Every structure is written in C-alpha cells, then in structure tokens.
Amino acid sequence: KRVGMMRRAIFIFVYCLTVLGGVEGQADGWKMTDRFHGFRYSIPTSSATLHSTLLALAQSSSCFGWSQTSSSSTVGEYRCPKSVGLTVQKNPRGRTLRCN
C-alpha cells in the first residue's frame with residue numbers, strides 16, 4: 001500500500017511539473033526563434049570553392065550549422081544571430097538561398 005501511495009505521489013508531481021512547464025514556457029527573448037535566424041538552403045551547383053566560401057561566411061558571422069556538397073548540388077542549414085541572419089542567407093552571387 002505504501003508503494004502505491006509513493007507511485008501516485010510521484011505521478012502527481014511529474015504531472016504538475018509537465019502542466020505548469022507547458023503553461024509558462026520560455027520567457028520572451030530566450031526562445032531560439034528570438035535569438036537566431038535559421039534557414040536551410042539548396043544551391044543547384046556543386047564546388048569545393050562554394051562550400052569553402054559558405055563555411056567562411058558562416059564562421060565570420062558567428063553562425064553554426066552544416067553544409068554538404070554532392071555531385072550536383074550544395075545543401076545545408078545554418079543558425080545565425082538575428083542581426084546577421086539575412087546577410088548570411090545571401091549566397092556569394094547576391095541571390096537569396098532557396099529555403100527548403
């Protein structure tokens with residue numbers, strides 16, 4: 001009987017944490033979308049130079065993400081500070097990267 005009461009108390013505790021955590025959520029300014037500009041891209045050309053250029057641009061702009069070059073295209077995803085996100089979303093030729 002004591003084990004059953006303990007399980008019930010743990011269940012109620014976890015349930016309350018879940019419900020209260022969902023109601024309050026994260027404070028304004030701390031959500032990922034408040035702090036970062038994120039995007040995926042696909043460029044229908046593939047070259048080591050393009051890959052290196054995108055990597056250097058992301059690193060110099062304090063971004064993080066990934067980039068992959070295949071035989072026919074370059075695809076990737078970046079998260080950047082809001083202040084520079086749209087600038088990084090422009091490719092080296094000045095065209096906006098097509099977001100997936």
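When a residue number appears, it is its place in the shown sequence, counting from 1. Small disclaimer: the values here were computed from a predicted structure and weren't measured.
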(request) Can you sort out the partners of Thr69 under side-chain contact (heavy atoms from CB on, under 4.5 Å), two or more places apart, ordered by chain and number? (result) Ser46, His51, Thr74
(request) With sequence neighbours excluded, tell me which residues meet side-chain contact (heavy atoms from CB on, under 4.5 Å) with Ser70. (result) Ser72, Ser73
(request) Considering non-hydrogen atoms only, spot the tightest contact between Leu86 and His37 and give its length. (result) CD2-CE1, 3.6 Å
(request) Taking all heavy atoms of Phe36 and all of Pro81, pick out the closest pair and write down the distance. (result) CD2-N, 4.2 Å
Distance-only donor-acceptor hits, side chain of residues 59-66, under 3.5 Å, sequence neighbours excluded:
from, atom 1, to, atom 2, distance (Å)
Ser60, OG, Ala56, O, 3.2
Ser60, OG, Leu57, O, 3.0
Ser61, OG, Leu57, O, 2.9
Trp66, NE1, Glu77, OE1, 3.3

